[in-house]
There are 2 protein chains.
Amino acid sequence: MSCSEHKKKLIEEVGLHFEQTHQISPLAARIYAIMILSPYEGHTFEEILDITCASKSSVSTQLNLLIQLKKVEYFTKPGDRKRYFRASKRYLINTLQENLESINAEIKFMDKISEFNAKYNKNKFEKYGEFSKLFKGYLINQKENMKDTIEKMSNLTEELTDK
Amino acid sequence: MSCSEHKKKLIEEVGLHFEQTHQISPLAARIYAIMILSPYEGHTFEEILDITCASKSSVSTQLNLLIQLKKVEYFTKPGDRKRYFRASKRYLINTLQENLESINAEIKFMDKISEFNAKYNKNKFEKYGEFSKLFKGYLINQKENMKDTIEKMSNLTEELTDK
DNA sequence: TTTATAGTTCGGTTAATTCCGAACCAATTG
DNA sequence: CAATTGGTTCGGAATTAACCGAACTATAAA
């Protein structure tokens with residue numbers, strides 16, 4: 001099943017989004033998009049070649065990159081040598097978790113700046129400090145909020161995979 | 001005032017952070033870092049040259065880029081031809097606002113995916129749908145949360161600039 | 001044991017990014 | 001007016017990223 005025009009267009013669109021938000025190459029983003037657009041269904045290597053019109057080597061490399069990043073996983077079928085690639089079942093959770101890490105990085109960053117400013121820019125720091133306190137408070141708040149959602153999603157995952 | 005070793009190291013560190021989170025070139029990120037590490041103080045073109053050890057042309061280009069992105073602004077002093085560059089006073093708010101936009105993009109993206117899946121992957125969608133609903137709910141929640149913080153910061157800005 | 005399938009690896013090409021130096025411009029100073 | 005200061009602009013060099021083709025490997029089937 002090659003791919004409808006509508007879907008091809010969507011793959012480009014979603015791919016572009018992934019390219020920007022996940023910091024991966026255009027081809028990797030397109031491959032990921034293909035899989036997001038049919039969750040739970042596996043795609044063979046050949047199908048991906050066919051849809052992306054890219055070379056075997058590029059698809060191989062980028063696919064392995066996505067697997068390494070845990071964005072993509074694969075399963076096999078008995079008596080079938082092919083691998084079936086699909087978006088990692090936990091990809092929404094993973095996206096959240098990546099976000100969580102970037103918030104953590106932001107907080108660490110704010111700490112560094114605050115520490116430096118408190119030491120060397122003390123006189124100007126009062127004003128600046130209020131902002132950074134507000135910002136940091138916001139970040140920590142977000143973090144808690146996100147943890148909560150991740151937990152809910154994890155529960156949902158277990159519930160579903162148990163069946 | 002050239003720059004202490006400690007500060008130089010910090011500039012590299014913070015620069016790296018900006019490079020990744022703001023999607024700008026290494027030099028632009030370093031320049032931005034320099035300014036973040038002394039808020040309210042202006043830096044001259046020469047100082048930046050001196051600290052970064054980059055060429056005039058590169059500094060000029062990247063500085064103008066940062067100005068265009070509203071990350072950096074400049075002021076002048078009477079009877080002084082130089083411009084004094086500093087991080088935009090609203091840079092924390094701007095960072096939040098950029099985040100807000102990326103959340104908006106994420107929501108739009110979720111809509112696209114959901115719409116497509118509801119149409120073409122209906123049978124598998126029940127499970128998947130619960131996740132995406134949860135995720136979307138989270139995003140919208142974040143958005144509201146962020147709007148609130150932006151408002152608080154804006155108020156603070158007005159309050160401070162009035163004085 | 002040859003052949004086909006399902007990928008992987010390596011070397012290289014192309015394209016894009018990042019940065020530089022040299023020439024330039026516009027305002028000020030002597 | 002010539003010289004200095006504070007940048008800007010342009011053409012290109014160096015680096016990096018993205019992708020390709022061809023040769024290769026490992027498994028299985030004929």
Side-chain angles (χ1 to χ4, degrees), chain A residues 1 11-12 14-35 41-69 71-86, chain B residues 1-2 11-12 15-35 41-69 71-86:
Chain A
M1 61 103 167
I11 288 169
E12 284 311 304
V14 173
L16 210 62
H17 175 83
F18 283 147
E19 202 184 322
Q20 289 159 359
T21 57
H22 292 254
Q23 312 229 70
I24 51 182
S25 74
L27 181 55
R30 271 193 292 272
I31 294 174
Y32 194 35
I34 289 169
M35 294 176 182
E41 217 67 76
H43 287 88
T44 66
F45 193 89
E46 254 206 309
E47 269 172 8
I48 299 168
L49 277 185
D50 192 44
I51 298 173
T52 60
C53 300
S55 71
K56 276 174 90 177
S57 60
S58 301
V59 169
S60 174
T61 309
Q62 299 306 315
L63 205 43
N64 283 321
L65 178 75
L66 288 169
I67 289 168
Q68 225 186 279
L69 296 173
K71 292 188 195 302
V72 164
E73 61 189 16
Y74 62 83
F75 60 93
T76 47
K77 293 178 182 178
D80 187 345
R81 201 134 70 81
K82 286 175 202 155
R83 291 179 213 163
Y84 290 81
F85 302 93
R86 68 179 165 204
Chain B
M1 56 105 167
S2 174
I11 288 169
E12 283 311 305
L16 210 61
H17 175 83
F18 283 148
E19 202 184 322
Q20 288 159 1
T21 56
H22 292 254
Q23 313 229 69
I24 51 183
S25 76
L27 181 57
R30 272 193 293 273
I31 295 174
Y32 194 35
I34 290 169
M35 296 178 179
E41 217 66 78
H43 288 87
T44 65
F45 193 89
E46 254 204 313
E47 270 172 5
I48 299 170
L49 276 186
D50 192 43
I51 299 173
T52 59
C53 300
S55 71
K56 276 174 90 178
S57 60
S58 300
V59 169
S60 173
T61 309
Q62 298 306 314
L63 205 44
N64 283 321
L65 178 75
L66 288 169
I67 290 167
Q68 227 187 277
L69 296 173
K71 293 188 194 301
V72 164
E73 61 189 17
Y74 63 85
F75 59 94
T76 48
K77 293 177 181 179
D80 187 345
R81 199 137 66 84
K82 287 176 203 156
R83 291 178 212 164
Y84 291 82
F85 302 93
R86 68 177 165 204

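What you are looking at is a predicted structure, and each value in this text was computed from that prediction instead of being measured. Residue numbering restarts at 1 for every chain, and letters A, B, ... go by the order of the sequence lines. Only heavy atoms go into these numbers, but all of them, side chains included; no hydrogens, no water, no symmetry mates.
Of the candidate nucleotides dA6(C), dG7(C), dC19(C), dA6(C) has the atom nearest to the side chain of Arg81(A). Closest contact between the side chain of Pro26(A) and the listed nucleotides dG7(C), dA18(D), dG6(D) involves dA18(D).
As rounded to whole Å, 7 Å separates atom P of dT9(D) from atom CG of Asn64(B). As a whole-Å value, the separation of Leu66(A) CG from dT8(C) C1' is 16 Å. Put simply, CG on Leu49(B) is 13 Å from C1' on dG21(C), counting in whole angstrom units. When rounded to the nearest whole Å, the span between CG of Leu63(A) and P of dA6(C) equals 15 Å. Between Gln62(B) atom CD and dT9(D) atom P there is a gap of 14 Å when expressed in whole angstrom units. Between Asp80(B) atom CG and dT4(D) atom P there is a gap of 19 Å when expressed in whole angstrom units. dT5(C) atom C1' lies 12 Å from atom CZ of Phe45(A), rounded to whole Å. Here the P atom of nucleotide dT5(C) and the CD atom of Glu47(A) are 16 Å apart, to the nearest Å.
Residues Ile31(B) and His43(B) form no side-chain contact, since every pair of their non-hydrogen atoms from C-beta on lies 4.5 Å or further apart. Counting only heavy atoms from C-beta outward, the side chains of Tyr84(A) and Thr76(A) never approach each other to under 4.5 Å. Side chains of Gln23(A) and Gln23(B) form a contact here, defined as non-hydrogen atoms less than 4.5 Å apart. At least one side-chain heavy atom of Ile24(B) sits less than 4.5 Å from a side-chain heavy atom of Leu66(B).
For Arg86(A) and Glu41(A), the salt-bridge test fails: no basic side-chain N is under 4.0 Å from an acidic carboxylate O.
Of the residues in residues 16-25 of chain A, those placing a heavy atom less than 4.0 Å from an atom of DNA chain D are Ser25(A), in numerical order.
For Phe45(A), the CZ atom sits in a packed shell: over 12 heavy atoms of surrounding residues, nucleotides or ligands are nearer than 6.0 Å.
Applying the 4.0 Å criterion to OP1 and OP2 of dT8(C), one finds that Arg83(A) has a side-chain N or O inside that range. Within the 4.0 Å cut-off from OP1 or OP2 of dG21(D), not a single side-chain nitrogen or oxygen of Ser57(A) is found. Checking the phosphate oxygens (OP1, OP2) of dT8(D), a side-chain nitrogen or oxygen of Ser60(B) falls inside 4.0 Å.
Looking at heavy-atom distances under 4.0 Å, Lys56(A) makes contact with a base. At a threshold of 4.0 angstrom between heavy atoms, the contacts of Leu27(A) are confined to the sugar-phosphate backbone, with no base atom among them.
Below 30°, between 30° and 60°, or above 60°: for Tyr32(A) and Phe18(A) the angle between ring planes is between 30° and 60°, a tilted geometry.
Annotation: of the two residues near DNA chain D, Gly79(A) and Cys53(A), the 5′-most nearest-nucleotide partner is Cys53(A). In terms of position along DNA chain D, the nucleotide closest to Thr61(B) lies nearer the 5' end than the nucleotide closest to the other residue of the pair Thr61(B) and Ser58(A).
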